[in-house]
Amino acid sequence: MTSPLFLGSEIYRGSSYGGWHPLRVPRVSTVMDLSRAMGWLPAGQYRTSPRAKPKALTIWHTPDYVAALERAEAEQAVTDPVRDRHGLGTNANPIYPEMFRRPATAAGASLLAGELLAQGGTIYHPGGGTHHGFPDRAGGFCYLNDPVLSILSLRRAGAARIAYVDIDAHHMDGVQHGLAGDPQTLLISVHEERRWPFTGPIEDDGGGNCLNLPVPRGLNDTEMAAIRDRLILPALVAFAPDAIVLQCGADAVTEDPLSRLTLSNNAHWDIVAALKALGCPRLLVLGGGGYNPWSVGRLWTGVWATLNGHEIPERLPEAAEQVLRALRWDNPPKLGRNPPEDWFTTLRDAPRPGPIRPEIAERLAHLALRPATRGHIPE
């Protein structure tokens, strides 16, 4: 595989968790449309994601849960015992028409990615990143856990040492549940403190292979650059993985309604570029959170540009601008009611630098002493 490969699907177009849910907004389809409008997604670099078969999901998820998820989609209803046991039909994880097919498509792409990366390469799967799913239960808008499935697929296809980096605003609780204590997997999570799911304190090392960095509200680009240079990159270099999975959730930017972090999309693109520059033979980049249709579409399209080395123009061409102007955000929060002009005409945010606050510096210094940061994970 020479050029990066984009795994996508039309199932994301028009599929919604419901008119009141944060995932009522278009995301993956926007990235596909914007990338094509920019001339960045030729047919040879695009592959339609397969839908994972139920049996394939049971390499991590329980057969009972997979069957319950299929049945909930078919019947568009769940019983109270199923809701209580599996977390289906809740406010966070509602009943909706594609509630099995859509996550199974994301899981299918992650399983396929592991196989395609057997000989190396780079794959972008913005429909992935559902890091809150548990083996027997949905959680946090995530019905299946495609990051765990991708790591298991990579391992099955020959990757021995796998690093998972998660820069979503929310902690990777499901991924840590699945892989904590595995000496052949390094898990790094940068997430907002005192935010759902309220897990991932700095003291939690998951048995030795987890580096959890909770950050205070207002995280800025300068602080994220320090996290990249003082934690993420040194830990990856020391661990020397032969596969890296990056969960690039887009909910840590200023415009997102579900966090209180203040990054620009430049911070994410700089991390993508830095991980790409490490020269790891296998790189898989997933999506994740992101609940403002303009900010997530612009950020994730810029991720694809970064992976390909495309220059991001100061002003978008007309076709790309029209993609952004056509987006709709039903019942938006206050920040989405009067979108600024640059949400339509640019991909790149203005940088959002700032001071490195003492608590960030202290937490980075604390984590620098961990064995996992130095590549030594207890067996």
Side-chain angles (χ1 to χ4, degrees), residues 1 52 56-62 107 109-123 125 128-135 144-168 171-191 199-200 202-213 231-248 271 274-286 288 367-379:
M1 189 187 308
L57 299 171
T58 62
I59 64 170
W60 193 67
H61 291 282
T62 67
S110 284
L111 290 166
L112 177 63
E115 299 171 10
L116 294 175
L117 290 170
Q119 304 304 316
T122 298
I123 289 179
H125 170 27
T130 53
H131 57 176
H132 298 308
F134 279 75
L144 299 170
N145 196 310
D146 75 274
V148 170
L149 296 174
S150 76
I151 291 169
L152 297 178
S153 181
L154 282 162
R155 181 154 294 139
R156 189 166 52 188
R161 294 170 68 79
I162 302 169
Y164 174 81
V165 180
D166 194 311
I167 58 173
D168 193 286
H171 179 246
M172 53 163 190
D173 57 341
V175 179
Q176 181 165 326
H177 174 83
L179 295 162
D182 177 2
Q184 298 304 308
T185 308
L186 173 67
L187 305 179
I188 303 173
S189 179
V190 181
H191 49 273
T199 53
I202 195 168
E203 299 81 13
D204 182 5
D205 70 356
N209 70 324
C210 298
L211 295 167
N212 280 304
L213 177 60
L231 174 65
I232 296 173
L233 292 179
L236 291 177
V237 169
F239 186 69
D242 49 17
I244 295 173
V245 179
L246 171 64
Q247 199 269 22
C248 199
I271 288 177
L275 267 57
K276 177 185 171 186
L278 288 176
C280 182
R282 304 168 181 88
L283 176 60
L284 171 60
V285 180
L286 306 173
L367 289 175
L369 301 176
R370 290 274 178 85
T373 314
R374 302 174 180 183
H376 305 297
I377 295 174
E379 295 284 348

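FYI, the numbering just counts along the sequence from 1. This structure is a prediction, so every number in the text was calculated from the model and none was measured.
Ring pair Trp60/His177 is perpendicular by interplanar angle, where above 60° counts as perpendicular and below 30° as parallel.
Here the closest heavy-atom approach between residue Leu186 and residue Leu236 is recorded as CD2-CD2, 4.4 Å. Pro241 and Cys280 make their closest contact through O-SG, 3.5 Å (heavy atoms, listed as atom of the first residue, atom of the second, distance). When all heavy atoms of Leu284 and Ala113 are compared, the closest pair comes out as CD1-CB, 3.8 Å. The shortest heavy-atom contact between Ile162 and Phe239 is O-CE2, 3.6 Å. Leu57 and Ala107 make their closest contact through CD2-CB, 3.6 Å (heavy atoms, listed as atom of the first residue, atom of the second, distance). Scanning all heavy atoms of the two residues, the minimum distance from Thr122 to Leu117 falls at N-CD2, 3.8 Å.
Arg155 has its side chain within reach of Asp182: a pair of non-hydrogen atoms, C-beta onward, lies under 4.5 Å apart. The shortest side-chain heavy-atom distance between Leu286 and Pro147 falls under the 4.5 Å cut-off. The side-chain heavy atoms of Cys248 and Ile167, taken from C-beta on, include a pair separated by under 4.5 Å. Side-chain contact between Leu369 and Arg374: present, with at least one pair of heavy atoms (C-beta onward) separated by less than 4.5 Å.
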If you apply the rule side-chain contact (heavy atoms from CB on, under 4.5 Å), what do you find for Arg156 with Leu111, and how did you get there? CA-CA 10 Å; Arg156 189 166 52 188; Leu111 290 166; 4.2 Å; yes
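With Ser153 contributing its side chain and Ser150 its backbone, the two residues share no donor-acceptor pair below 3.5 Å. Distance alone, capped at 3.5 Å, is enough to place a donor-acceptor pair between the His61 side chain and the Phe134 backbone.
Each of Leu275, Leu213, Thr373 was checked for a side chain to side chain contact (heavy atoms under 4.5 Å, CB included) with Ile232, and the lone residue meeting it is Leu275. Considering Asn209, Thr199, Asn212, Asp166 as possible partners of Gln176, the one that fulfils the side-chain hydrogen bond (donor to acceptor under 3.5 Å, both in side chains) test is Asn212.
The structure places NZ of Lys276 at 12.0 Å from CG of Leu278, a figure rounded to the nearest 0.5 Å. Asp242 contributes atom CG, which lies 9.0 Å from atom CG of Leu154 (distance to the nearest 0.5 angstrom). Rounded to the nearest 0.5 angstrom, Leu187 CG and Cys210 SG are separated by 4.5 Å. Distance OG1/Thr130 to CD/Gln247: 8.5 Å, rounded to 0.5 Å. Going from atom CD of Gln119 over to atom CZ of Arg282 covers 7.5 Å, rounded to the nearest 0.5 Å. Here the CG atom belonging to Asp205 is positioned 8.5 Å from the CG atom belonging to Leu211, to the nearest 0.5 angstrom.
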